[in-house]
Engineer: 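Have a look at this one.
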Amino acid sequence: MPGDLENSSAMTVSTASGEASVSSSGNQTVPPTTTTKKKRNRPGMPDPDAEVIALSPKTLMATNRFVCEICNKGFQRDQNLQLHRRGHNLPWKLRQRSSKEVRKRVYVCPESSCVHHDPSRALGDLTGIKKHFCRKHGEKNWKCDKCSKKYAVQSDWKAHLKTCGTKEYKCDCGTLFSRRDSFITHRAFCDALAEESARAQTVANTSSEEDPKLQIVHSSPPPPPPPPPSTTTVTSVVLPIQNPGYTGKEWNFKKISVGFLSALVSNSLSYLSFPFLFPVLVGGLPENPTEILQPTPTPAETGFNGISSSSSSNGSTSSRVFASLFASSTAAGSLQPPTSAFSDLICAMARSERPGNLESASATEPTSLCLSNNCLSLFETVGQDRRQYAPPQQPAMAATAILQKAAQIGSKATNASLLRGLGLAMSSSSSPQESLQWNCQIDPEPAPVGAGLGLALPYDGGAGLTELMMGPSSLSLSLFGPKPTTLDFLGLGMAVGGAPTGGLSALITSIGSGLDVAAAAASFGGGGGGGGGGNSNSNSPGNKWEEALDRKPSTPSLL
Amino acid sequence: MMQFTEPPPSHPLLHQMSPCSNLPMSKNQFHRTRPWPGFSSSKAVGSFGDANCMEQLLVHCANAIDSNDATLAQQILWVLNNIAPPDGDSNQRLTCGFLRALIARAAKTGSCKMLTAMASANTNLARNTHKFSLIELANFIDLTPWHRFGFTAANAAILEAVEGFSVVHIIDLSSTHCMQIPTLIDSIANRPDGPPLIKLTVVGATEDVPPMLDLSYEELGTKLMNFARSRNVGMEFRVIPSSSSDGFASLIEQLRVQQIVFGGEGEALVINCHMMLHYIPEETLGVIQETNSNPYFFDSSPTLSLRTMFLKSLRSLDPTIVILVDEDADFTSINLVCRLRSAFNYLWIPYDTVDTFLPRGSKHRQWYEADMCWKIENVIANEGVQRVERLEPKSRWVQRMRNANFRGISFGEDAVSEVKSMLDEHAAGWGLKKEEDDLVLTWKGHNVGFATAWVPA
């Protein structure tokens with residue numbers, strides 16, 4: 001062998017560069033050794049001149065025929081015993097492989113009924129006949145604990161163990177399924193899935209805080225094939241609160257909200273005002289600036305440009321409010337489509353960037369573009385009733401976070417009604433069964449198909465023009481998935497078209513804004529009725545809100 | 001009929017009863033007892049263990065109870081009680097279920113105090129219907145093709161029908177608490193053109209019909225949405241409280257309102273009816289619902305049953321596809337004996353099949369049979385609105401759907417092959433028949449359930 005090595009390496013060197021000699025020689029040594037190996041006879045086709053050996057079942061099955069006389073340890077092969085004997089300082093002798101000894105041995109199966117009992121069908125090696133005998137004529141004592149399959153040969157069993165479960169379906173809870181259907185159904189209802197997604201959520205939360213750019217990448221309009229659900233599906237509760245739209249200007253939030261309140265009161269719509277403040281909070285909250293995902297360039301000013309014409313219908317509305325609304329909307333647009341508690345909200349914005357829309361709400365775009373984009377998305381009729389389907393997956397957390405903010409703000413502003421308004425808003429979004437019993441789940445995948453659907457916009461296409469005019473209000477609407485808030489928003493925005501619910505229509509009528517849209521709204525008669533809310537909405541809005549106010553928020557302890 | 005007119009002559013009691021059995025004979029003429037191929041011979045245990053004999057005894061007993069013949073009723077009940085132990089073979093357990101149902105019926109009529117006492121001692125069998133956890137129910141349904149047949153066929157047909165739609169609104173009218181939905185979500189998630197948004201609307205039934213769930217639909221919905229999200233499918237979930245007793249009037253109303261408001265354009269509307277529609281009152285009960293209380297205000301004809309009106313209103317929603325899966329039997333007769341025979345000759349199947357998938361004495365088997373007992377008792381002991389198990393045979397449903405201006409469509413090759421491979425995973429007795437457009441699940445050659453698919457004509 002060493003000689004071979006030398007030769008081959010020398011050959012290589014002569015043909016190739018000297019530097020390559022080592023590696024190439026290593027490669028080349030392999031073929032010679034394999035060719036010198038004897039070919040295994042195919043089972044049942046022995047050489048005619050081979051020595052036929054018939055072993056009794058007992059001998060065949062004996063696992064250790066060669067026993068050490070000192071320690072009684074048994075070995076399957078004599079050679080192994082000989083090696084063992086060396087340890088006892090006993091005389092030992094390894095058989096030398098010599099060319100004279102070549103006489104081949106073949107083995108027959110001791111089972112007389114077996115085809116391999118005939119010497120002409122004898123098997124070529126001892127292990128082969130052993131396994132054959134075990135498999136075909138022996139007991140199957142090796143059982144797989146997972147699938148209960150039994151094997152007679154241990155090595156078969158071991159081989160099975162390696163693959164068992166790979167073909168089958170295993171839930172994280174440990175349950176195994178042989179059928180996909182069964183596994184799927186189990187999986188859907190198993191707590192393991194809920195736990196997993198809960199874990200995924202925390203992970204994603206962290207990542208969204210740590211790496212905002214990643215999020216932004218995801219939000220680019222025609223998204224690449226859906227990223228793993230754990231990152232897309234889960235979004236942080238923080239997102240809405242992060243206020244990415246916050247530009248660094250020191251907004252006087254209190255001032256805005258209070259001013260806004262007064263504006264509302266002056267409109268004699270005070271009972272509608274509480275929820276309206278909410279987006280202001282969300283949008284205008286000077287939250288921790290480090291969490292800003294993507295600062296929007298001067299949203300206030302650009303926002304005004306985009307909005308000014310439409311906002312004229314409500315003179316008393318502070319433009320700053322619009323700005324705040326707008327800022328938040330822009331921010332939402334720059335975020336990736338989330339499924340957070342504010343899924344309606346965010347989704348509405350994120351979805352508004354339709355794949356076809358080049359001017360998607362990417363954060364670097366001028367904000368006016370974002371606005372127009374959102375307005376465009378209002379014409380989507382597909383997602384209309386989304387907002388009836390209520391709130392999102394983890395409302396509690398979001399509610400918690402926002403309510404805490406609300407509490408802070410509320411205490412600053414010392415405005416109880418504001419606080420109540422917030423609480424109300426929360427309750428409307430966190431208690432699905434109370435309103436319409438829809439639970440809203442946003443499509444986590446920013447797929448083109450789903451893009452238009454994710455819209456949480458309650459508008460009817462028919463009222464398109466009006467809606468366009470009422471851009472700001474529509475924005476605020478989309479900020480607020482859950483209905484009651486949006487209703488009020490509409491009412492405040494004054495003269496907004498497309499009434500999603502009967503309650504709204506009634507509201508508009510009662511406001512007496514006198515727009516032709518009101519008629520259109522009325523024609524929807526309880527249209528929001530997707531759920532039980534439809535009926536209650538048809539009451540006068542005042543009653544409705546009385547009820548709503550009486551209702552405690554789902555997380556009252558926070559207040 | 002033979003076994004009825006010629007009772008085994010070996011027992012005097014049967015001779016004694018034969019005269020009174022003549023009375024309901026004429027009513028039973030239109031009912032044909034099914035043959036029991038591969039069943040009666042192997043399961044026959046003497047003259048009384050025979051299923052046909054047990055059926056006769058039950059019929060006699062029912063007649064005796066209805067004619068207030070307490071003595072005779074008690075005699076037969078005594079005999080039945082001895083030949084049909086609750087832990088016997090499948091026939092005996094089946095008979096035992098009917099026996100208890102008859103006792104319950106007798107107790108309700110109050111004609112016999114002893115029976116009342118018996119009933120109160122005996123009612124636990126059907127009363128202790130188990131409340132399943134979701135996992136339990138999933139495992140339970142997985143044991144047998146009883147529901148999986150409909151799930152598999154329906155899912156394949158739905159998947160085909162909603163191709164190209166970006167929003168799929170599924171109304172799941174199912175007695176199995178959304179057990180079909182995960183597999184549907186899964187297959188929709190994998191469709192080549194990307195998953196649609198799924199809106200799932202389920203009916204929060206106001207009445208308790210087994211299998212019962214130990215958690216609310218809100219919790220169920222959360223889990224389903226969670227699952228959909230894990231499959232990258234957007235999903236919305238809504239529960240509309242509605243009752244089969246008024247033909248799901250509130251559901252229809254809400255769907256209608258929604259359609260008026262949103263038009264539903266680009267949205268597929270899938271109505272999946274899985275063993276649920278037979279709870280809607282049909283003609284034999286419909287007369288109770290007069291025009292005033294009729295929730296379907298648009299149709300004041302008193303001759304229309306709620307069942308008919310429900311289908312008509314379904315049609316008015318112009319659904320993309322309607323899947324109708326139900327059990328293939330007739331429990332609608334106002335005649336007790338007819339119903340008893342019909343039920344006896346259908347419900348042997350679940351008792352017979354259970355041996356193939358649940359060991360004797362197992363807890364799951366008790367749950368399973370308790371649910372069966374509940375059904376039997378509902379069919380036998382109850383009347384009027386309380387009798388909710390109102391199965392109709394496939395032929396009648398087909399006629400109803402056609403009358404409601406639906407057109408049957410054929411299940412695709414995919415559906416057929418999927419059902420077949422599903423059946424391969426179960427015991428050998430299950431089979432699949434194709435009848436025109438429809439699929440029929442069989443057990444030992446007997447029709448068990450059917451799956452039909454419909455589109456607006």
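Below, each value reflects all heavy atoms present in this structure, side chains not excepted, and no hydrogens, waters or symmetry copies. The sequence lines fix the lettering, A, B, ..., with proteins before strands; numbering per chain opens at 1.
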Engineer: I'd like to check A:Arg180 versus B:Asp186 (side-chain heavy atoms, cut-off strictly below 4.5 Å). Are they in contact?
Structural biologist: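 They are in contact (side-chain heavy atoms under 4.5 Å apart), so the answer is yes.
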
Engineer: Could you list the donor-acceptor pairs under 3.5 angstrom formed by side chains in residues 135-146 of chain B, with sequence neighbours left out?
Structural biologist:
| residue | atom | partner | partner atom | Å |
| --- | --- | --- | --- | --- |
| B:Glu136 | OE1 | B:His130 | NE2 | 2.8 |
| B:Glu136 | OE1 | B:Ser133 | N | 3.0 |
| B:Asn139 | ND2 | B:Ile135 | O | 3.4 |
| B:Asp142 | OD1 | A:Arg179 | NH2 | 3.0 |
| B:Asp142 | OD1 | A:Ser182 | OG | 3.0 |
| B:Asp142 | OD2 | A:Arg179 | NH2 | 2.8 |
| B:Asp142 | OD2 | A:Ser182 | OG | 2.8 |
| B:Thr144 | OG1 | B:Trp146 | N | 3.0 |
| B:Trp146 | NE1 | B:Glu327 | OE2 | 2.8 |

Engineer: Taking only residues two or more places apart in sequence or in another chain, which ones pass ring-ring contact (aromatic ring centres under 6.0 Å, His included) with B:His274?
Structural biologist: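 Result, ring-ring contact (aromatic ring centres under 6.0 Å, His included) vs B:His274: B:His147, B:Phe151.
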
Engineer: Residue by residue, scan residues 177-184 of chain B and write down, ordered by number, those that have a heavy-atom distance under 4.5 Å to chain A; if none do, write 'none'.
Structural biologist: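 Those residues of residues 177-184 of chain B which have a heavy atom under 4.5 Å from chain A are B:Cys178, B:Met179, B:Pro182, B:Thr183.
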
Engineer: Under the ring-ring contact (aromatic ring centres under 6.0 Å, His included) rule, collect the residues that match up with A:Phe183, sequence neighbours excluded.
Structural biologist: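 Residues passing ring-ring contact (aromatic ring centres under 6.0 Å, His included) with A:Phe183: A:Tyr169.
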
Engineer: Supply the atom-to-atom distance B:Arg231 CZ to A:Ile184 CD1, rounded to the nearest 0.5 angstrom.
Structural biologist: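 Going from CZ on B:Arg231 over to CD1 on A:Ile184, the span is 4.5 Å.
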
Engineer: Report the distance from atom CE of B:Met422 to atom CG of A:Asp181, rounding to the nearest 0.5 Å.
Structural biologist: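 If I round to the nearest 0.5 Å, the distance is 8.5 Å.
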
Engineer: Counting only heavy atoms from other residues, nucleotides and ligands, does the tally under 6.0 Å from CD of B:Glu163 exceed 12?
Structural biologist: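 Not buried by this count: 12 neighbours or fewer within 6.0 Å.
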
Engineer: Please name the pair of heavy atoms, one in A:Leu193 and one in B:Phe227, separated by the smallest distance, quoted to 0.1 Å.
Structural biologist: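 The answer is CD2-CA, 3.5 Å.
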
